[in-house]
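Okay, structure first, notes after.
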Amino acid sequence: MSSHPLILAGVDGDRTWRLQDYVARGGYSALKKIIAEKIPGETIIAELKASVLRGRGGAGFPTGLKWSFMPRSFPGDKYLACNSDEGEPGTFKDRDILRYNPHSVIEGMTIAAYAMGAARGYNYIHGEVFELYERFEEALAEAREAGLLGQNILGSDFSFELFAHHGYGAYICGEETALLESIEGKKGQPRFKPPFPASYGLYGKPTTINNTETFASVPFIMNMGGEAFLGLGKPNNGGTKLFSISGHVNKPGNYEIELGTPFPELLEMAGGMRGGRKLKGVIPGGSSSPVLPADIIMDCTLDFDSLSKAGSMLGSGAVIVMDETVCMVKALERLSYFYFEESCGQCTPCREGTGWLYRIVHRIENGLGRPDDLDLLRSLTGNIMGRTICALGDAASMPVLGFMKHFGSEFEYHIEHRKCLVPPEVQYEGSKIYVSPSC
């Protein structure tokens with residue numbers, strides 16, 4: 001097995017989220033060394049670049065490169081933001097980091113602030129997990145009391161204040177600029193880019209935004225070295241990654257494994273297929289990533305480049321496993337409804353297009369499909385993707401294209417026979433969604 005936990009190592013005991021327990025696991029040693037030895041920020045960023053840590057929130061952008069965009073000589077305020085607004089269906093890794101190892105995020109953000117010269121940061125926590133917001137607040141209080149956060153950290157001339165910010169459950173606030181708008185007290189809607197947050201971010205000041213898992217990885221990289229972290233993964237895909245595996249497996253949950261681990265190994269860790277049924281398809285990186293059929297995913301390794309080559313993406317690392325009982329039209333209907341509901345409505349292609357996509361898939365699933373519906377879906381996705389302020393339009397379109405590409409025969413069967421290819425008596429029983437009439 002390619003399991004080499006870092007972030008989740010040692011968090012299976014009692015009260016592992018407490019400062020005392022984190023310190024016993026080596027916590028804050030990286031920060032203490034940086035401050036004691038006055039390691040330059042450029043050296044820290046160089047170590048991040050050597051580690052090839054790519055953003056764990058979905059985009060996979062190199063973290064060290066992103067940090068280098070922050071103008072260190074900027075005379076005014078600079079900010080950090082942690083994106084803990086985990087709203088992608090199938091994704092539940094960041095909440096476990098905040099639940100069991102919140103100090104790794106605090107230490108990672110404090111190191112980032114030191115490296116980039118930021119004096120203030122915010123952790124934007126998803127609104128539907130309020131207990132984690134409270135736990136993070138407790139961890140912040142522990143760090144302040146121990147002199148690890150706030151003014152003159154560890155007796156140095158370095159100061160950094162960090163706050164928890166409670167979101168309200170809007171999926172769109174996971175988009176980095178909508179997150180910034182929400183922190184500022186405004187409606188969470190994406191901004192036009194450019195300007196990018198590194199030059200014009202929170203309150204109009206330079207801002208760096210990273211995912212929870214990304215910040216939590218930083219202390220381990222600084223302790224073990226960038227090259228050693230990279231060695232846990234594969235070229236251009238450094239380190240370990242948390243995968244949230246759910247669906248028709250025997251042991252759903254979070255698994256921290258090396259990037260480049262073959263998918264069959266992760267499936268085995270998760271106890272294999274539930275009920276001994278056959279694997280039909282896998283959404284490998286959260287609901288916005290295109291689905292892959294069993295014959296493709298079983299030959300894939302779990303890393304950014306391999307999944308991209310296979311026609312999907314690693315995304316947030318949310319692996320949704322579907323067995324032979326799943327009707328793929330029904331699965332797409334549910335996903336399309338989600339994006340229709342979560343569109344902020346700012347862009348016409350997304351506001352109108354996501355609803356149109358959903359209503360077409362809905363009528364196909366309910367036996368009202370038309371012969372030209374599949375061509376219409378392809379045309380619609382082409383008029384949504386790349387034409388919106390943020391990537392939500394793409395996120396709604398890519399699943400549609402993926403399902404039709406690999407499971408097009410099921411859609412054709414629905415339209416021709418006005419019923420499901422998978423007999424109702426063997427379909428997976430899940431909650432149904434009742435919605436507005438089809439278009």
Practice task
Would you indicate whether the side-chain heavy atoms of Asp323 and Leu279 approach each other to under 4.5 Å?
Solution key: no

Problem - Ser159 and Glu161 side chains, donor-acceptor separation under 3.5 Å - result: no

Practice task
Report yes if some heavy atom in the side chain of Ser288 is under 4.5 Å from a heavy atom in the side chain of Met313; otherwise report no.
Solution key: yes

Handout entry: Ser29 side chain to Asn223 side chain, donor-acceptor N/O pair below 3.5 angstrom
Key = yes

Completion exercise
Between Phe61 and Leu65 the two heavy atoms that sit nearest each other are CZ-CD2, 3.7 Å

Problem - Thr301 versus Ser306, side-chain donor and acceptor atoms under 3.5 Å - result: yes

Problem - Sidechain-backbone polar pair: Asn237 side chain, Pro235 backbone, donor-acceptor under 3.5 Å - result: yes

Problem - Heavy-atom side-chain contact between Val321 and Ile245 under 4.5 Å - result: yes

Handout entry: Criterion salt bridge (Lys or Arg N to Asp or Glu O under 4.0 Å) on Arg191 and Glu181, from CA distance to verdict
Key = CA-CA 8 Å; Arg191 299 174 181 175; Glu181 290 284 290; 2.7 Å; yes

Problem - Near-ring test Phe338/Tyr171, centroid separation under 6.0 angstrom - result: yes

Handout entry: Short side-chain donor-acceptor distance under 3.5 Å, Asn123 and Ser84
Key = yes

Practice task
Assess the pair Tyr114 and Phe160: is the distance between their ring centroids shorter than 6.0 Å?
Solution key: no

Exercise for the section: Please check if the side chain of Ser312 supplies one atom and the backbone of Ser289 the other of a donor-acceptor pair under 3.5 Å. Expected result: no

Practice task
Consider only side-chain N and O atoms of Glu86 and Thr212, and report whether a donor and an acceptor are under 3.5 Å apart.
Solution key: no

Practice task
Would you check if the side chain of His248 reaches a backbone N or O of Arg274 as a donor-acceptor pair within less than 3.5 Å?
Solution key: no

Practice task
Please test Phe229 against Phe220 for ring-ring contact (aromatic ring centres under 6.0 Å, His included), starting from the C-alpha separation and ending with a verdict.
Solution key: CA-CA 8 Å; Phe229 185 83; Phe220 300 97; 8.7 Å; no

Problem - Ring center gap for His166 and Tyr168 short of 6.0 angstrom - result: yes

Handout entry: Between Asn83 and Asn210: side-chain donor-acceptor atoms closer than 3.5 Å
Key = no

Fill in the blank from the handout: Minimal heavy-atom distance between Ser104 and Pro219, with the atoms involved, is O-CG, 3.7 Å

Exercise for the section: May I have the step-by-step check of side chain to side chain contact (heavy atoms under 4.5 Å, CB included) for Ser51 and Glu227, ending in yes or no? Expected result: CA-CA 6 Å; Ser51 74; Glu227 292 292 340; over 6 Å; no

Practice task
Start with the C-alpha distance between Phe340 and Leu357, add both sets of side-chain angles, then the distance that settles side chain to side chain contact (heavy atoms under 4.5 Å, CB included), and finish with yes or no.
Solution key: CA-CA 8 Å; Phe340 166 47; Leu357 289 176; over 6 Å; no

Exercise for the section: Check whether any side-chain N or O of Glu258 sits under 3.5 Å from a backbone N or O of Gly233 as a donor-acceptor pair, and report yes or no. Expected result: no

Completion exercise
Here the pair of heavy atoms bringing Gly188 nearest to Ile172 is O-CG2, 3.2 Å

Problem - Rounded distance (nearest 0.5 Å) linking atom CZ of Phe163 with atom CG of Leu149 - result: 9.0 Å

Handout entry: Validation row, ring centre Tyr203 to ring centre Tyr79 under 6.0 Å
Key = yes

Practice task
Would you confirm whether Ser379, through its side chain, and Leu376, through its main-chain N or O, come within 3.5 Å as a donor-acceptor pair?
Solution key: no

Fill in the blank from the handout: Minimal heavy-atom distance between Pro89 and Ile320, with the atoms involved, is O-CD1, 3.9 Å

Practice task
Report yes if some heavy atom in the side chain of Arg56 is under 4.5 Å from a heavy atom in the side chain of Lys241; otherwise report no.
Solution key: yes

Practice task
Kindly say whether Cys347 contributes a backbone atom to a donor-acceptor pair with the side chain of Thr388 at under 3.5 angstrom?
Solution key: no

Problem - Side chains of Thr110 and Leu148 in contact at under 4.5 Å (non-hydrogen atoms) - result: no

Problem - Arg99 charged N/C atom sitting above Trp17 aromatic ring, 6.0 Å / 45° - result: no

Problem - Which atom of Glu88 lies closest to which atom of Ser316, heavy atoms considered - result: CG-OG, 4.3 Å

Completion exercise
Shortest non-hydrogen pair, Glu256 vs Leu6, comes out as OE2-N, 2.9 Å

Exercise for the section: Using the side chain to side chain contact (heavy atoms under 4.5 Å, CB included) rule, pick out the option among Asp305, Leu230, Leu259, Asp303 that qualifies with Asn236. Expected result: Asp305

Handout entry: Side-chain donor-acceptor pair present, Asn152, Asp157, cut-off under 3.5 Å
Key = no

Practice task
Spell out, as yes or no, whether a donor-acceptor pair under 3.5 Å connects the side chain of Glu107 to the backbone of Leu31.
Solution key: yes

Practice task
Indicate whether the side chain of Asn254 and that of Ser244 have a donor and an acceptor atom separated by less than 3.5 Å.
Solution key: yes

Problem - Any donor-acceptor N/O pair, Glu47 side chain to Met222 backbone, under 3.5 Å - result: no

Handout entry: Aromatic ring proximity Phe136/Tyr133, centre distance under 6.0 Å
Key = no

Handout entry: Expected output: side-chain Ser397 to main-chain Gly393 donor-acceptor under 3.5 Å
Key = yes

Practice task
State whether the side chain of Glu333 and the backbone N or O of Tyr358 hold a donor-acceptor pair below 3.5 Å, judged by distance alone.
Solution key: no

Exercise for the section: Decide whether a cation-pi geometry holds between Arg54 and Phe304; the criteria are a distance under 6.0 Å from NZ or CZ to the six-membered ring centre and an angle within 45° of the ring axis. Expected result: yes

Practice task
For the pair Glu176 and Lys193, evaluate salt bridge (Lys or Arg N to Asp or Glu O under 4.0 Å) and give the outcome as yes or no after the intermediate values.
Solution key: CA-CA 11 Å; Glu176 62 178 14; Lys193 292 182 284 190; 3.6 Å; yes

Problem - Side-chain donor-acceptor pair present, Ser182, Tyr124, cut-off under 3.5 Å - result: yes

